[in-house]
Every structure is written in structure tokens, then in C-alpha cells.
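Remember, predicted model here, so these are calculated numbers, not experimental data.
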Amino acid sequence: PLNKIRHIAGQRHGDCIAKSCKSIDNTIGFENQPVIVPKIKKINLFLFSHFAISNYLCGMDTIRNIFLVALGGALGSVARFLLSKSMQESLTSNFPFATFTVNVLGCLLIGILYGLFDRNLLIGRNLSLLLITGFCGGFTTFSTFSNESLSLFRQGEMFHALLYVGSSVPLGLMAVYAGMYLVEKF
């Protein structure tokens with residue numbers, strides 16, 4: 001039944017989905033294996049996600065971009081973990097110096113990288129995805145927040161910049177508190 005559905009999908013949505021289905025099937029190990037899904041809702045969810053992913057991947061360099069962001073994110077996350085761990089072991093304080101340091105260093109790094117790309121000293125969308133979106137995003141999301149805020153200020157979008165800066169930290173604090181409260185109560 002799954003092959004019949006794939007055939008119909010290929011006719012309706014073009015050859016692209018059929019090719020993506022085959023490549024996704026090879027990746028997750030469905031090739032030449034019967035798939036038995038007992039409930040129709042699961043089949044609908046499977047088909048929806050399968051076709052949504054297939055449609056998105058078609059005609060774009062998305063897989064390479066995802067890989068670059070994932071690789072950079074993994075390296076950034078590991079760097080954050082190692083730096084935080086080494087600082088926590090050497091400092092004893094109630095102030096979150098490790099996170100503070102990571103956030104400030106991440107901001108410095110994204111500023112340096114943005115400046116290098118802006119002056120064409122570093123070139124290429126792939127390198128930008130790897131270093132800025134991936135590494136800095138994995139290292140700290142605070143660097144992205146600061147970069148976006150500065151960009152709004154530089155573009156003269158004072159209202160949006162002030163709204164973004166003025167609401168992000170308080171709302172972030174309230175969201176963290178709300179999450180902790182929900183866990184505590186349930």
C-alpha cells in the first residue's frame with residue numbers, strides 16, 4: 001500500500017516527491033521493507049510529514065544548508081559545554097559567570113564574524129551558515145538576539161529595536177519562571 005501511495009503522490013506532485021521519498025526511505029531504512037501502520041491517523045501523519053519534507057527539499061540546496069547549520073551548531077554546543085564546565089569547576093559564585101561569559105563571548109564572536117562578512121573578508125553563504133547560524137547559534141542564542149537588536153538600531157528601526165530589547169529579557173525571565181512553575185505544579 002505504501003508504494004501505491006508513493007506512486008499516486010509522484011503523479012500528483014511531480015517526480016520530485018518520488019525521488020525524495022526514495023532518498024528519505026534509504027536514509028531511514030524503509031527501502032524494500034513492508035511498513036505496517038495499524039491506525040489511519042498514523043498513516044495520515046506519516047504521509048503529511050513525508051510529503052511536507054519532500055516538497056521542502058525539492059529544488060533547493062536545503063540538505064547541504066541543514067548539514068552546515070547542524071555541524072556548526074554541534075561544534076558551538078560542544079564549545080559552550082566545555083567552556084561552561086571548565087569555568088564552573090574553577091569558580092564558586094551564585095552569579096552565572098559561565099553563561100554570562102558564553103553569552104558575551106558569543107556576542108563578540110558574532111560581531112566579529114558579521115563584520116568580516118560585511119567587509120567581504122569572509123565570503124560565502126555556506127561559511128555564514130556554518131559559523132554564524134550554526135556555531136554562534138549553538139554557542140549562544142544571546143549572540144543572535146544582540147546581533148538582530150543592533151541591526152534594527154542600525155536600520156533606524158528604533159521602535160522595533162526598543163520593543164525587541166525591552167521585551168525579550170523580561171518575557172524570557174517570565175517564560176523561564178512559568179516553565180519552572182508548571183513543572184513544579186504538575
Pair up each side-chain donor or acceptor in residues 98-124 with any protein partner under 3.5 Å, not counting sequence neighbours, and list the distances.
unit_1	atom_1	unit_2	atom_2	d
Thr101	OG1	Phe97	O	2.6
Asn103	OD1	Thr140	OG1	2.5
Asn103	ND2	Thr99	O	3.4
Arg119	NH1	Gly115	O	3.3

Q) Which pairs count as ring-ring contact (aromatic ring centres under 6.0 Å, His included) when at least one residue sits in residues 153-175, sequence neighbours excluded? A) Phe145-Tyr164

**Q.** Transitive ILVMFWY side-chain link Val78 to Leu75, under 4.5 Å
**A.** no

Q: Would you give the length of the straight line joining atom CG of Leu129 to atom CZ of Phe67, rounded to the nearest 0.5 angstrom?
A: 12.5 Å

Q.
Please report the interatomic distance OG(Ser168) to CD(Glu148), rounded to the nearest 0.5 Å.
A. 9.0 Å

Q: Taking all non-hydrogen atoms of both residues into account, name the closest pair between Leu68 and Leu130 and its distance.
A: O-CD1, 3.5 Å

(Q) Please check this pair: side chain of Ser84 against backbone of Phe81, looking for a donor-acceptor N/O pair closer than 3.5 Å. (A) no

Q: Determine, using the 4.5 Å side-chain heavy-atom cutoff (strictly less than), whether Leu152 and Leu150 are members of one ILVMFWY cluster.
A: no

Q) Taking everything shown except Arg125 itself, do over 12 heavy atoms lie less than 6.0 Å from its CZ? A) no

Q) When clusters are formed by joining ILVMFWY residues with side-chain heavy atoms under 4.5 Å apart, either directly or through shared neighbours, do Phe139 and Ile132 land in the same one? A) yes

Q) Below 4.5 Å, heavy atoms only, C-beta onward: do Asn65 and Asn126 meet side chain to side chain? A) yes

Q. Do you know the tightest heavy-atom contact between Phe135 and Ala79?
A. CZ-CB, 3.9 Å

